[in-house]
Amino acid sequence: MYREVQQQLTKTVQQVLKSTWDIDLETVPVEQPPDLSMGEFALPVAFELARKLRKAPRMIAAELAAKLRQALTPETGFASFEAAGAGYINVRVDRAGMALALAADGATTGTVDGKAADLRILVEHTSINPNKAAHVGHLRNAILGDTLVRILRAAGYSVDVQNYIDNTGVQVADVVVGFLHVEGKSRQEIDGLMARCDALGAEAREGRFDYLCWDLYARVSQWYSEGTEEQQRQRKALRYETLHAIERGESEVARVADSISTAVLRLHLLTMQRLGIEYDFLPRESEILHLKFWDRAFDLLKQSGVLYHESQGKNAGCWVMTRPDAKVTEGETDEDAKVIVRSNGTVTYVGKDIAYHLWKFGLLGADFGYRKFFEYPRHTCWISSTEGDVEHPHFGGAGAIYNVIDSRQSDPQANVVQALRGMGHQQAANRYTHFSYEMVALTPRCAMELGYHVSEEDQGRAYIEVSGRKGFGVKADDLLDKLTAATRSEVDARQPERAEAERQMIAKQIAIGALRYFMLKFTRGSVIAFDFKDALSFEGETGPYVQYTAVRARNIFRKAETTPEQALEAMREAGAGAMEDDVLWAIWLRAARREQALAATIQSAEPATIARHGFQLAQEFNNFYHKHHILTEEDPARRTLLLATAAVALRELTVLLHWMGIDVPEAM
RNA sequence: GGGCGAGUAGCUCAAUUGGAUAGAGCAACGGCCUUCUAAGCCGUAGGUUACAGGUUCGAUCCCUGUCUCGCCUACCA
């Protein structure tokens with residue numbers, strides 16, 4: 001509705017410009033006036049025309065406003081056009097008309113793009129190395145990724161969610177080395193340990209397998225750097241021996257690695273499930289290796305000339321690729337080229353990643369095997385396999401992809417895109433989005449609270465990077481536990497009459513709301529300096545604030561013994577009056593702009609946009625709630641309008657929270 | 001050395017991608033519960049948008065230079 005109105009406006013402006021001054025304007029910028037009293041749309045078009053027409057912007061605006069007034073009469077949904085400021089044209093819409101339309105069809109989301117359904121999108125997120133417990137940094141990734149998925153689906157896209165599992169990397173090898181050589185455990189002992197951990201259940205923390213691995217991983221990293229030089233050399237050799245055994249597969253060591261990484265992976269899935277995050281498919285590096293994806297990709301890369309064999313300089317004997325935007329002088333050796341195949345014939349990580357991405361776009365000519373791995377209440381999560389089940393869904397072959405990976409990976413990501421371009425897959429390269437974001441770090445204070453040693457130098461910094469290798473960070477489940485404990489005590493105090501199970505449920509929902517909103521409210525380019533004080537805050541710009549607002553709105557209907565649907569229906573019958581009250585109109589207008597906010601969020605790939613939109617609506621509702629007492633309103637028409645306003649606010653808040661993966665609790 | 005990101009109120013962050021008076025939340029101070037829930041609302045105070053130039057009707061945003069911070073930049077994986 002709002003969108004159609006805006007389109008009609010821009011179209012008419014174009015027509016008027018054409019007929020009056022014979023000017024063709026490709027795009028007509030439409031802005032929002034700084035204040036509601038100025039109207040719903042602001043057109044700065046007169047500024048742009050000032051030079052061309054040799055007239056003052058204000059004059060042009062006045063002239064244009066008059067023309068628009070004639071072209072768009074009140075019957076078309078517009079109320080007024082006025083020249084304002086230095087040359088803006090402020091446009092008012094028929095508020096009541098728009099409100100009635102919103103009351104009728106505003107519940108439908110609508111697609112951002114008419115072709116949305118045709119484009120199959122693959123979003124990859126989480127991708128935690130399966131060798132230790134998940135930490136806050138992984139939470140940012142998973143929450144951003146999951147929210148992106150929800151938003152794309154809301155816009156009508158068909159989305160597959162992947163979680164890439166690097167189960168043959170050096171990180172897994174390190175934990176294997178830890179169990180086998182540092183702790184001297186046999187395979188049977190490790191299996192026994194995992195069985196005991198498993199018996200503890202998902203609720204356990206101490207003794208949980210991924211927690212044990214967390215500590216072990218840190219110890220092994222330490223162990224590599226200890227001892228005599230000879231010992232260090234041997235340990236390093238052991239490390240790579242183990243790594244290569246894992247890569248080859250089919251050995252005792254490889255089987256140990258597989259059971260460890262699978263056990264940790266299951267725990268990661270449970271952790272993410274606590275946050276309402278689910279996956280469709282788990283492609284693993286082991287299959288990329290064993291199904292020889294690279295061999296195919298290597299051929300394709302050689303054929304297309306993306307890779308060339310370097311004969312000179314430091315990379316002599318390697319297959320290398322020119323980096324994006326590299327300045328290469330003809331005849332000179334490109335020392336800065338990216339090595340894809342080492343001189344010993346082994347492929348680098350970027351090489352494997354290129355092969356994997358060719359698969360993602362359906363350009364490899366090979367596929368994974370698939371088997372069932374994890375059951376969610378409503379669907380199955382599949383995992384890659386060399387053999388696989390006979391019947392299975394098909395993943396890959398996507399029209400567009402989003403890789404949710406932190407900004408530290410932007411260089412390798414750019415290399416993959418470069419390779420796609422070099423191979424002539426322009427469209428794939430254009431539809432490859434590195435959804436990058438800055439890391440989560442800890443404030444020095446937070447690190448010290450957790451008992452880590454913080455150097456004098458680090459204490460002076462704004463934040464300290466977390467490090468799985470050092471065992472330095474806040475574990476995801478610990479944080480969720482802490483949040484739930486905090487919300488639980490608050491719920492106990494506020495809702496003493498409710499049953500235990502219900503209070504626990506509410507506490508969990510609020511904890512998730514706090515965490516998810518916290519991770520979303522920062523724009524992607526901002527480093528989150530994590531601190532428990534901020535993360536455990538439930539006031540102001542927080543998830544619980546928005547949830548509380550929705551609960552308040554819903555309580556009105558409980559007390560009034562009616563429903564939001566009935567309230568909206570009642571308004572459709574009674575009319576919206578003149579809708580002159582800006583406090584009410586702010587809410588309706590916010591609702592009208594939901595689609596625009598959704599489109600902007602996708603356009604900029606910035607979930608903070610939708611988070612902010614929700615928060616602002618909550619502020620507007622609380623303002624309304626404070627100024628107008630609905631249930632004691634005596635004028636029936638007025639009461640109907642107030643109730644319908646609460647209904648639309650509740651509807652919008654619920655939708656927006658849902659997009660962020662946040663529930664509205666029963667009570668707060 | 002090169003690449004990317006950041007520098008905005010005491011603190012943590014926004015700013016519709018170049019628009020009107022740079023906005024929120026914390027923290028501080030002062031008010032508001034006999035009311036649909038105070039996880040709330042209202043108010044006060046807080047700014048040379050790192051610095052210097054430039055582009056133009058108009059710059060936090062674009063360009064040039066300088067400074068500060070972070071990350072990336074190995075034939076490791």
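All values below come from the heavy atoms of this structure, side chains included, with hydrogens, waters and symmetry mates left out.
- Taking the P atoms as reference points, B/G5 lies 15 Å from B/A15, given to the whole Å.
- Both tests pass for A/K482 against the ring of A/F532: distance under 6.0 Å to the centre and angle within 45° of the axis.
- Out of B/G70, B/C76, B/A74, the shortest distance to the side chain of A/E438 is found at B/G70.
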Would A/T168 and A/V172 count as a side chain to side chain contact (heavy atoms under 4.5 Å, CB included) if you check the C-alpha gap in whole Å, the side-chain angles of each, and the deciding distance to 0.1 Å? CA-CA 6 Å; A/T168 56; A/V172 173; over 6 Å; no
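- For A/S343 against B/C75, a side-chain-to-base donor-acceptor contact under 3.5 Å is present.
- Among the protein residues, A/F522 comes within range of the sugar-phosphate backbone only, with heavy atoms under 4.0 Å from sugar or phosphate atoms but none that close to a base.
- B/C71 and B/C29 are spaced 37 Å apart, taking the P atom of each and rounding to whole Å.
- B/G53 and B/U16 have their P atoms separated by 26 Å, given to the nearest Å.
- Note on A/V341: nothing from the nucleic acid sits closer than 4.0 angstrom, heavy atoms only.
- Ring centroid separation for the pair A/F615 and A/Y545 comes in under the 6.0 Å cut-off.
- Using C1' as the reference atom, B/C62 and B/U17 are 11 Å apart when rounded to the nearest Å.
- In this structure B/C62 sits in a base pair with B/G54, meeting the Watson-Crick or G-U test at under 3.5 Å.
- To the nearest whole angstrom, the two C1' atoms, one in B/U60 and one in B/A9, are 14 Å apart.
- Using a 4.0 Å heavy-atom distance criterion, A/E465 is classed as a sugar-phosphate-only contact.
- Nearest nucleotide to the A/R51 side chain, out of B/C57, B/A77, B/C75: B/C57.
- B/G30 is paired with B/C42 under the criterion used here, namely a Watson-Crick or G-U wobble arrangement in which both key atom distances are under 3.5 Å.
- Residue contacts for A/P29: at a heavy-atom cut-off of 4.0 Å it reaches no nucleic acid atom on any strand shown.
- For a distance-only test at 3.5 Å, the side chain of A/N622 fails to qualify as a donor-acceptor partner of the base of B/A38.
- Taking 3.5 Å as the limit, the base of B/A39 and the side chain of A/R494 contain a donor-acceptor pair of atoms between them.
- Heavy atoms of A/A56 sit nowhere under 4.0 angstrom from any nucleic acid atom.
- The nucleotide B/U12 finds its pairing partner in B/A24, both defining distances of the Watson-Crick or G-U wobble pair being shorter than 3.5 Å.
- B/U37 shows a glycosidic angle more than 90° from 0 and is accordingly assigned anti.
- Separation of atoms CZ (A/R612) and CG (A/L520) is listed at 12.5 Å; rounding is to 0.5 Å.
- Atom P of nucleotide B/C71 and atom OH of A/Y463 are separated by 7 Å, given to the nearest angstrom.
- With a cut-off of 3.5 Å on both Watson-Crick or G-U wobble distances, the partner of B/C67 is given as B/G7.
- For B/C33, the O4'-C1' to base torsion is within 90° of 0; the nucleotide is therefore syn.
- For the pair A/R469 and A/Y217, the cation-pi criterion (under 6.0 Å, within 45° of the ring axis) is not fulfilled.
- Residue A/L631 contributes atom CG, which lies 13 Å from atom C1' of B/U37 at whole-angstrom precision.
- The interatomic distance linking A/Y625 (OH) with B/C36 (P) rounds to 8 Å, in whole Å.
- When distances run from any side-chain atom of A/P544 to the nucleotides B/A20, B/A39, B/A77, the shortest one goes to B/A39.
- Of the P atoms belonging to B/U8 and B/U48, the separation is 12 Å, rounded to the nearest Å.
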